[in-house]
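Everything numeric in this text was worked out from a predicted model, so none of it was measured. One-based numbering, in listed order, for ligands and for the atoms of each.
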Amino acid sequence: MTLTSTAGEDALANATNEASLARSIARSQEIRADLVVNPGRYRMLTGVRPTGHMHLGHYFGTMHSWKTIQDMGIDTWILVADYQVITDRDALGPLRERVLSLVADTLAVGVDPQRSTVFAHSAVPAANQLMLPFLSLVTEAELHRNPTVKAELEATDGRAMSGLLLTYPVHQAADILFCQANLVPVGKDQLPHLEQARLIAQRFDKRYGRAVKDHPVFRRPEALLSEAPLLLGLDGEKMSKSRRNTIELRMSADETARLLRKAKTDSERVITYNPADRPEVSNLLMLASLCGAGTPREIAERVGDGGAGTLKKVTTEAVNEFLAPVRARRTELAANEDYLVEVLHAGNERAREVAGQTLDAVRAAMHMNY
Ligand code: TRP
């Protein structure tokens with residue numbers, strides 16, 4: 001097999017176009033229905049970059065589903081994507097602290113280390129070694145056409161493309177494929193990477209055959225698209241750690257109240273839910289709603305002509321009440337660094353075991369088993 005075909009490149013470049021997105025959404029719904037019936041068929045892997053403390057955007061975007069998926073009896077793997085930090089930026093920052101903070105956040109939202117595997121990809125050499133055969137299965141053109149990589153390059157304000165940025169979707173494929181995950185909860189920006197992982201799995205089989213008859217070396221991962229509505233930051237802009245417009249899980253109730261008091265709203269007194277015309281007010285209503293205060297419209301009616309002040313009070317109460325148990329657990333966890341390290345070590349150990357098995361199968365298929 002040669003890699004001259006452009007089919008793969010097109011599949012990648014088109015992974016986020018409308019028709020393909022509609023297919024991914026439909027497929028995610030099918031999978032969601034099947035998860036309940038056949039939880040044993042799935043291994044879930046999710047990856048998070050340890051670039052700071054987790055916030056409400058992360059929570060409602062993805063973290064809340066980790067416990068649900070785990071509690072359904074699905075084998076749950078949470079990857080701390082520490083190598084991705086050197087893809088995204090020049091400096092690592094206080095990485096060790098951030099990794100342990102992420103482990104604390106993960107456990108605080110209900111991930112149970114007895115049932116789930118929490119690990120860092122830098123700690124799994126056999127998984128990283130898959131980069132070599134995998135890189136031989138992709139073309140440079142394909143890498144350059146990955147729309148998410150292009151967008152990430154543009155977001156760096158003129159920094160040159162590094163070899164790692166260009167190839168990080170291949171590294172991500174190694175994350176997904178080494179542990180035989182077939183269920184990857186993602187936002188739509190990650191669809192091209194998932195398509196890349198599927199292509200690599202297919203091409204590996206095509207080039208090296210199947211290790212055991214009818215048993216491919218790699219499973220075919222599928223995306224589980226997030227259904228959560230997108231939350232804006234408190235300034236009405238895209239939520240991001242660097243803009244400081246987020247509420248972090250670890251913040252105190254007072255800090256939360258202070259930040260919400262400063263949240264941007266508009267000058268209309270009567271509160272209504274209208275995301276198109278009143279994005280900031282509607283975002284607070286949505287946030288309060290996600291935290292259990294009722295539907296956004298119900299909350300708007302309750303606040304009525306109480307104005308932005310009342311809306312912020314209602315939102316603050318909802319957020320603080322919702323986060324109270326998570327924060328209590330997190331405070332306890334954060335005080336016990338030894339325990340966090342222990343959890344990570346156990347997860348790394350488990351990941352290394354599985355990665356070793358996968359690498360053995362890869363070497364066998366490649367006739368490198370001596
Ligand atoms: N690239 C993902 C992000 O930026 C993080 C990630 C790394 C990931 N490896 C993964 C996600 C494997 C899912 C599966 O958010």
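Annotation for ligand 1: atoms under 4.0 Å from non-hydrogen atoms of L79 are 9 (N), 10 (C), 12 (C). Less than 4.0 angstrom separates some heavy atom of A81 from each of these atoms of ligand 1: 7 (C). Taking every non-hydrogen atom of V184 and a distance limit under 4.0 Å, the qualifying atoms of ligand 1 come out as 13 (C), 14 (C).
Taking the six-membered ring for Trp and the full ring otherwise, Y168 and F134 have centroids separated by 6.0 Å or more.
A heavy-atom distance below 4.5 Å is not found between the side chains of L249 and H53.
In this structure, the protein non-hydrogen atom closest to atom 2 (C) of ligand 1 is Q190 OE1, 3.3 Å. Protein heavy atom at the shortest distance from atom 7 (C) of ligand 1 is Q84 OE1, 3.5 Å. Residue, atom and distance of the protein heavy atom nearest to atom 9 (N) of ligand 1 are D175 OD2, 2.7 Å. Among all protein heavy atoms, the one lying closest to atom 12 (C) of ligand 1 is Q172 CG, 3.6 Å.
Only one option out of L132, N146, V138, L137 pairs with V170 in a side chain to side chain contact (heavy atoms under 4.5 Å, CB included); it is V138. When Q190, Q84, Q196 are each tested for a side chain to side chain donor-acceptor pair (under 3.5 Å) with Q172, only one passes: Q190. E222 pairs in a salt bridge (Lys or Arg N to Asp or Glu O under 4.0 Å) with only one of the listed residues (R23, R27, R41), which is R27.
Summarising the geometry of R219 relative to A201, their closest heavy-atom pair is O-CB, 4.1 Å, with the distance given to 0.1 Å.
When the heavy atoms of M44, R49, H58 are ranked by distance to atom 3 (C) of ligand 1, first place goes to R49.
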